[in-house]
Amino acid sequence: MLKQHLQFKLSQKLSPQQIQLMKLIQLPTQAFEQRLKQELEENPALEGGAEEIESDFDLDLDNTNDDFDDSESIGNDDINVDEYLSDDEIPDYRTQTNNYSSDDEEKTMPYAAGTSFTQHLITQLNTYRLDEEEYEIAEFLVGSVDESGYIRRSLSDIMDDLAFTQSVYTTEEKIAKVLRIVHQLDPAGVGARNLQECLSIQLHRKEKTPDTELAIEIIDDAFEQFTKKHYDKLIQKFDISEIQLKDAISEIEHLNPKPGGSYAGNNRIVEHVVPDFAIKIVDGELELTLNGRNAPELHVSREYNNMLKGYKESKDKSKSQKDAVIFIKQKLDAAKWFIEAIKQRQQTLFITMSAIMHYQEDYFLTGDERNLKPMILKDIADEISMDVSTVSRVANSKYVDTPYGTKLIKEFFSESMKNDQGEDVSTREIKKILETVIEEEDKRKPLTDETLALILKEKGYPIARRTVAKYREQLDIPVARLRKKI
């Protein structure tokens, strides 16, 4: 038996403009500046900087005499130049917050020019006596060094690549011989194929003392036992005292596991974080400012304004002129929307960060992470009557400069747990306590996760051992065995 019924369904679809606005909100300051530059390049009706534009006329296309059909006419409702220009002379959002002055000094971090890491190594090769084949092999090996200073390829792979790409036909023995020369380059340890070889190269370059010689034996002959911190086995294997072992390990701990990272002129790209907000404490009160680079001065092109004036004053209007006016209207629409979107973006960022700042006022006044309250995206979304996705876009991609350093905003969000008093506490608070307990432990006998769970329970935080393990891993703290020291 067939049944018919009527079902009402309410659905909401975002317009293309709303989607674009969400994308603008998500952009951090540097990316926003790139987006702004792109828009200025693509829309000739939009110009940067403040400019006063006269707008003392209306363009009334209904009253113009032309030979076109009504279907081709453009009414006054379609283009109201005053509507486009009056808002754009001085955008109203520029007068709503005092976050930026044109006199503010723009401080940027210049990039230092210098030789690349590879070039630094090749320059050193020129000080060695090498025949043509050896130099080609050495140059290829140096080119295979990664940003950490390692050559993470087998000799057979390197031999094949030399043959196919450089037409150098050689043997693994010859490559190994040249590799030993590369190992003599600075910084010490460069060209190693693994951590063990890297540490060994550095130790062999150090002045020979009983401590360094023992350290070499440990790295060369008992590396696995060393990495697993089986100190009793090392003492037994080398027939040494605990003090001797401690001194040898101290030598190893002073080595550089990433020799490539120590060269300031290498090719690595360093990302400079530009804070989107700044929080200061003024007379005991929190003060929030939005980076002024998020509030650019924009206006409609004077040239476009004059083109509209020319069309209005023209008596004989051609089809091409009318087509041009339609094009101008589209660009004006886009320019007006973009300026309005920037206004909404600025307001959204400021309102959202202001709510976060006041929610976490105790933390921002003290800098103590134990004062961070449990806070989820919905808490802020409800506070400012915005969608959770909007708050997420602000939190996940923006940084704030605080008296305690530059922080990613999403770090202030955390789930809550109940303490033994039934009060909600932030998981960030618990992690901070866990971190402190581990820092203060006896490194000769590090605390196991089960012991840590008992300690936290005594402090009023009943947490399971597996939860302690999860928090410890999130803090990048190794298990007890790997924290052991002698």
Side-chain angles (χ1 to χ4, degrees), residues 117-118 120-121 124-125 128 137-138 141-142 144-159 172-264 266 268 438 441-446 476-486:
F117 186 31
T118 302
H120 172 68
L121 298 175
Q124 295 179 66
L125 285 179
Y128 289 83
I137 295 171
L141 288 171
V142 164
S144 300
V145 173
D146 65 17
E147 63 180 18
S148 296
Y150 289 81
I151 296 177
R152 304 182 190 274
R153 309 185 62 206
S154 67
L155 295 182
S156 60
D157 286 345
I158 292 172
M159 182 181 69
E172 290 187 27
E173 290 75 16
K174 188 69 173 287
I175 295 172
K177 176 187 173 184
V178 176
L179 183 59
R180 286 193 289 273
I181 296 174
V182 173
H183 288 166
Q184 297 175 36
L185 304 179
D186 290 323
V190 71
R193 286 161 290 178
N194 51 56
L195 178 60
Q196 182 180 11
E197 187 174 51
C198 178
L199 299 177
S200 179
I201 291 169
Q202 294 179 60
L203 286 168
H204 279 90
R205 296 265 291 269
K206 290 175 74 77
E207 181 184 352
K208 293 295 182 288
T209 66
D211 293 338
T212 57
E213 289 181 349
L214 176 57
I216 289 171
E217 289 186 72
I218 291 172
I219 293 301
D220 289 349
D221 303 330
F223 185 71
E224 185 177 354
Q225 292 168 323
F226 167 73
T227 57
K228 292 182 178 180
K229 298 197 174 184
H230 292 160
Y231 296 137
D232 292 339
K233 292 182 180 179
L234 291 174
I235 290 172
Q236 184 177 0
K237 179 179 178 68
F238 296 107
D239 190 21
I240 53 177
S241 68
E242 190 174 285
I243 294 176
Q244 287 176 302
L245 177 60
K246 186 175 182 179
D247 291 341
I249 290 176
S250 178
E251 289 285 341
I252 297 171
E253 287 176 342
H254 283 84
L255 302 176
N256 186 358
K258 293 184 178 181
S262 64
Y263 184 72
N266 61 15
R268 291 177 303 156
I438 292 175
E441 71 184 357
D442 179 2
K443 295 304 179 185
R444 296 173 64 91
K445 296 180 179 179
D476 288 329
I477 297 174
V479 296
R481 177 173 56 80
L482 296 180
R483 301 198 305 271
K484 184 178 180 182
K485 293 184 179 181
I486 59 173

Between Asp186 and Arg205, does any side-chain N to carboxylate O distance fall below 4.0 Å? yes

Are more than 12 heavy atoms from other residues, nucleotides or ligands located less than 6.0 Å from atom CG of Asp442? yes

Just verifying a value: how many Å separate Leu121 CG and Leu185 CG, rounded to the nearest 0.5 Å? 6.0 Å

Pro187 and Pro259 have their tightest heavy-atom pair at CG-O, 3.2 Å

Using every non-hydrogen atom in the two residues, find where Ile252 and Ala215 come nearest and quote the distance to one decimal. CG1-CB, 3.8 Å

Phe223 versus Leu195: any side-chain heavy-atom pair under 4.5 Å? yes

Do Lys233 and Lys228 touch side chain to side chain, with heavy atoms closer than 4.5 Å? no

Within-4.5 Å side-chain heavy-atom neighbours: Val178 and Tyr128: no

So, taking the atom named OH in Tyr231 and the one named CD1 in Ile218, what distance separates them when rounded to the nearest 0.5 Å? 9.5 Å

Arg193 side, atom CZ; Leu155 side, atom CG - distance, nearest 0.5 Å: 5.0 Å

Under a 4.0 Å N-O cut-off, is there an ion pair linking Glu441 with Lys443? yes

List the atom of Ile201, the atom of Ala192, and the distance in Å for their closest heavy-atom pair. CD1-CB, 4.1 Å

Mind listing the closest non-hydrogen atom pair of Ala480 and Pro446 along with its distance? O-CG, 3.2 Å

For Leu255 against Pro257, the heavy-atom pair lying closest together: O-CD, 3.4 Å

Show the numbers, then the answer: is there a side-chain contact (heavy atoms from CB on, under 4.5 Å) between His183 and Glu197? CA-CA 10 Å; His183 288 166; Glu197 187 174 51; 3.6 Å; yes

Return the CD1 to CD distance between Ile216 and Gln202, rounded to the nearest 0.5 Å. 11.5 Å

Report yes if the side chains of Lys246 and Ile249 come closer than 4.5 Å at any heavy-atom pair, otherwise no. no

Find the distance between NE2 (His204) and OG1 (Thr212) and round it off to the nearest 0.5 Å. 9.5 Å

What distance do Asp157 atom CG and Ile151 atom CD1 have between them, rounded to the nearest 0.5 Å? 12.5 Å

Nearest heavy-atom pair of Asp220 and Ser200: which atoms, and what distance? OD1-OG, 2.9 Å

Dump the intermediate steps for side-chain contact (heavy atoms from CB on, under 4.5 Å) on Leu203 and Lys206, then the final yes or no. CA-CA 5 Å; Leu203 286 168; Lys206 290 175 74 77; 4.1 Å; yes

